[in-house]
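All ligand and atom numbering here is 1-based and tracks the order in the structure. Residue numbers count from 1 along this sequence. Note that the structure is predicted; figures quoted are calculated from it, not measured.
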Amino acid sequence: MPSLVNTEIEAAVKGFLIDQEKMTEVVERMTKEIKMGLAKDTHSRAVIKCFVSHVQDLPTGKERGKYLALDLGGSTFRVLLVNLLSESDVEIVSKSFNFPVTLMSGSGKALFDFLAECLSEFCHYHGLENESLPLGFTFSFPVQQQGLSKGILVAWTKGFSCEGVVGKNVVTLLQEAIDRRGDMKVNTVAILNDTVGTLMSCAYYHPNCRIGLIVGTGSNACYVEKTVNAECFEGYQTSPKPSMIINCEWGAFGDNGVLEFVRTTYDKIVDKVTPNPGKQTFEKCISGMYMGELVRLVVMDMVGRDLMFHGTTSERMQERWSFKSSYISDIESDAPGEYRSCNKVLSELGIVGCQEPDKEALRFICEAVSSRSAKLCACGLVTIINKMNINEVVIGIDGSVYRFHPKYHDMLQFHMKKLLKPSVKFELVVSEDGSGRGAALVAATAVQGKAKL
Ligand code: BGC
């Protein structure tokens, strides 16, 4: 079938198309950065920080008990109660709270007071106010952990910029907010990254799971490293435990300029309008927070050059961030030659009277952005697998992009296979309840660790 897409539009998205050679180059550069993050001598100037999570035990299935969990870091905020009853019976009750956008850039105190208020409402609703429950806090931002229950926020990401939190121990900030209320007996025993919760939760059912990946609002991965290689962990040479989960914080890859060869002019525009320009370069090429805006910018450029929508568009489409990343998943869900979801998206955006070539062009732009995301993610996973030097691995994955994009899983798998040695076998598995079961499992480790002392 002859392409309906104008050659000038094809030329405009060329920058998003990265070939095998470039992907191999990404893997090479990322390998170097990960090694820098792990090593004591180079850690301070490394961009991929490879933070030590202080989680050294994968689940055994023997963990029991009732735990609370908080989940902050994506587009929703949740409170959960997790009851690990037996190996096969885990009860989870949760509530999502509307997270006012104003809190994302307000004061840190307002943020943590809000978290404590939601937690209190949840505890009272479930009659838990008098129970002394341990809490696992899934806090999905770059945190330098000094223990399971101590973590200093290094920087905000994903549009957050609350004052007075960077440089502070977020566990203390949360616990103080809980204690200020004086209406519950909750004790924050562990802080964890969402990738770690995802890995732990997946490892509960898939013992071979060694990597946790998030492709949602943000993107990041963690993996199981040999403790002796986790040089930033004080006990890296003496610890009796052979493994340490490393929170890579790969979103920051490229912040030193090494990814310019896969970036486009559109990436640079998106970067400029974020609260953290120059930061999270890799994440801004991959994750759901930015993909939609990238598509919108390309479309607006094409409209400006009279190549789409007869040179005019709606007011809504002119607004920054109006093109949600979920639209990309919707548009790419239509079968070839069909435009049911596409029409719905266009009508939500107030764009009327589109012809088929416009819709084809829109799909083409979406595909360019989502396939670059999947290719870069594949590069990241391949880097980690090669670094681990293993021949078989399960990767636990969560996040809206991976879950809802119709082709993301297949693209990821396809490109990983092309980059990996043929002897390496891997499986990509959706990981359920990272911030529930995963957080409870980490909290269980913390409680058991204390009990032994
Ligand atoms: C954060 C990570 C997190 C990822 C996925 C990034 O912006 O820095 O800590 O794991 O988003 O939520």
Assess the side chains of S140 and D194: does a donor N or O sit below 3.5 Å from an acceptor N or O?
yes
Look only at interatomic distance and state if K158 has a nitrogen or oxygen under 3.5 Å from any nitrogen or oxygen of ligand 1.
yes
Which of the atoms of ligand 1 are close to Q280, meaning less than 4.0 Å from one of its heavy atoms?
7 (O), 8 (O)
Suppose we measure from atom 9 (O) of ligand 1 to each protein heavy atom; which comes out shortest, and what is that distance?
E249 OE2, 2.6 Å
Flag for N208-E427: side-chain donor and acceptor within less than 3.5 Å:
no
Are N276 and K284 close enough that a side-chain donor and a side-chain acceptor fall under 3.5 Å?
yes
Taking both backbone and side-chain atoms of G218, is any N or O found less than 3.5 Å from an N or O belonging to ligand 1?
no
Please work out which of the three classes, parallel, tilted or perpendicular, describes the rings of F77 and F114, given edges at 30° and 60°.
tilted
Nearest option to atom 4 (C) of ligand 1, as decided by whichever heavy atom of N220, L192, N193 sits closest:
N220
Distance filter under 4.0 Å to I214 heavy atoms, resulting ligand 1 atoms:
5 (C), 12 (O)
Nearest protein heavy atom to atom 6 (C) of ligand 1, by residue and atom, and its distance?
E283 OE2, 2.9 Å
Short list, please: which atoms of ligand 1 are under 4.0 Å from a heavy atom of T157?
1 (C), 6 (C), 7 (O), 8 (O)
Can you confirm whether the side chains of S341 and D330 place a donor and an acceptor under 3.5 Å from each other?
no
Identify, for atom 1 (C) of ligand 1, the protein heavy atom at the shortest distance, and state residue, atom and that distance.
S140 O, 3.4 Å
Pick, from V143, T217, D194, T195, the option with the minimum heavy-atom distance to atom 10 (O) of ligand 1.
D194
Test item: side-chain donor near acceptor, H43 and E231, under 3.5 Å
no
If we only consider heavy atoms of P142, is any one of them less than 4.0 Å away from an atom in ligand 1?
yes
So, for Y266 and Y290, is the gap between ring centers shorter than 6.0 Å?
no
Do ligand 1 and N247 have nitrogen or oxygen atoms that lie under 3.5 Å from each other?
no
Checking side-chain polar atoms at under 3.5 Å, does T281 have a donor or acceptor matched by the opposite partner on R263?
no
